[in-house]
Amino acid sequence: MSASDDLPSVRTLAELTGLVERDRGLYVRWSRGPEADLSEVSSKDELTGVSMPGLSANPLDVEDWWEDRSVHVWVARRLHDYAHLPHEKGPGVRPWVLTGRENGRGPDNEPLVTDARPMCWIDDGVIEEARDVVERQEHPWGPLRRSGR
């Protein structure tokens with residue numbers, strides 16, 4: 001797709017969960033979108049400024065150790081853990097789903113994805129649903145954050 005506006009949006013956590021159950025090799029990326037990212041297909045290490053060989057993304061595939069637990073909760077967790085990024089990275093940053101090929105790992109051990117193919121945006125309401133799912137867990141947790149200096 002050439003324009004980010006052409007991407008469909010998933011509007012519910014159930015819809016995204018269905019996508020994860022159906023397809024393997026999906027990632028979520030928090031950025032200003034495919035149009036901004038696919039011109040270089042490289043992320044920068046924020047600490048050092050070094051260009052990395054792919055887009056920093058988080059896998060949505062369910063890990064074997066999750067066993068037969070809820071995929072719905074898995075997907076909620078994957079979103080909730082990084083829901084702070086739009087506030088930290090500024091206006092226009094939002095989550096979108098892509099497929100591609102892993103080409104290494106970033107400094108936080110996140111996959112670096114090349115041959116990226118955008119699939120869909122993730123609507124803000126999905127992030128709110130994910131937060132609600134996490135907050136209903138027996139031992140809820142907050143989003144991941146590095147401590148500020």
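Here the side chains of L7 and C120 are not in contact, with every heavy-atom distance at 4.5 Å or above. In this structure, R78 and P59 have side chains that are in contact, with non-hydrogen atoms separated by less than 4.5 Å. A 4.5 Å side-chain heavy-atom check between S42 and S51 finds at least one atom pair inside the cut-off.
M52 and Y82 sit in two unconnected hydrophobic clusters of ILVMFWY residues. Membership requires side-chain heavy atoms under 4.5 Å apart, directly or through other members.
Geometrically, R94 engages W121 in a cation-pi contact defined by less than 6.0 Å to the ring centre and at most 45° from the axis.
Without hydrogens or angle criteria, R77 side chain to V133 main chain gives no donor-acceptor distance under 3.5 Å. Judged purely by atom type and a 3.5 angstrom limit, E35 has no side-chain atom pairing as donor or acceptor with the backbone of G33.
For E102, the side-chain hydrogen bond (donor to acceptor under 3.5 Å, both in side chains) partners at least two apart in sequence or on another chain are Y27, R105. Under the rule for a salt bridge (Lys or Arg N to Asp or Glu O under 4.0 Å), R22 has no partner lying at least two apart in sequence or in another chain. Remark: K89 engages E46, L85, V93 in a side chain to side chain contact (heavy atoms under 4.5 Å, CB included) (not counting sequence neighbours). With sequence neighbours excluded, the residues satisfying side-chain hydrogen bond (donor to acceptor under 3.5 Å, both in side chains) with T48 are D45. Every side-chain hydrogen bond (donor to acceptor under 3.5 Å, both in side chains) that D115 has, sequence neighbours left out, goes to R101. Judged as a side chain to side chain contact (heavy atoms under 4.5 Å, CB included), and not counting sequence neighbours, the contacts of D23 are L19, L26, M119. By the side-chain hydrogen bond (donor to acceptor under 3.5 Å, both in side chains) test, S31 pairs with D37, W96, sequence neighbours left out. Considering only residues two or more places apart in sequence or on other chains, E21 meets the side chain to side chain contact (heavy atoms under 4.5 Å, CB included) condition with T17, V71. Residues passing the salt bridge (Lys or Arg N to Asp or Glu O under 4.0 Å) test with R117: none are found, sequence neighbours excluded. By the side chain to side chain contact (heavy atoms under 4.5 Å, CB included) test, E63 pairs with W65, W74, sequence neighbours left out.
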Original post:
Would L79 and L16 satisfy side chain to side chain contact (heavy atoms under 4.5 Å, CB included), going step by step from the backbone distance to the final call?
Top reply: CA-CA 11 Å; L79 294 178; L16 183 57; 3.7 Å; yes
**OP:** Please assess V10 against V97 for the test side chain to side chain contact (heavy atoms under 4.5 Å, CB included), listing each intermediate value before the final yes or no.
**Re:** CA-CA 9 Å; V10 292; V97 176; 5.5 Å; no
Subject >> side chain to side chain contact (heavy atoms under 4.5 Å, CB included) evaluation trace for V20 with D61 >> reply: CA-CA 7 Å; V20 169; D61 287 347; 5.6 Å; no
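Atom CG of residue N109 and atom CG of residue N58 lie 10.5 Å apart, to the nearest 0.5 angstrom. Atom OG in S43 sits 6.5 Å away from atom CG in L112 (nearest 0.5 Å).
The side-chain contact (heavy atoms from CB on, under 4.5 Å) test with N103 singles out one residue from T114, V113, L55, and that residue is T114.
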Pairs of donor and acceptor atoms involving the side chains of residues 123-132, under 3.5 Å and at least two apart or interchain, shall be tabulated with distances.
from : atom 1 : to   : atom 2 : distance (Å)
D123 : OD1    : R11  : NH1    : 3.3
D123 : OD2    : G125 : N      : 3.1
E129 : OE2    : L13  : N      : 3.0

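Through side-chain heavy atoms spaced under 4.5 Å, either directly or across other Ile, Leu, Val, Met, Phe, Trp or Tyr residues, V50 is tied to no other residue.
Taking all atoms of both residues into account, the shortest heavy-atom contact from S56 to R29 is O-NH1, 2.7 Å. The two residues L38 and P118 make their nearest non-hydrogen contact at CD1-CG, 3.7 Å.
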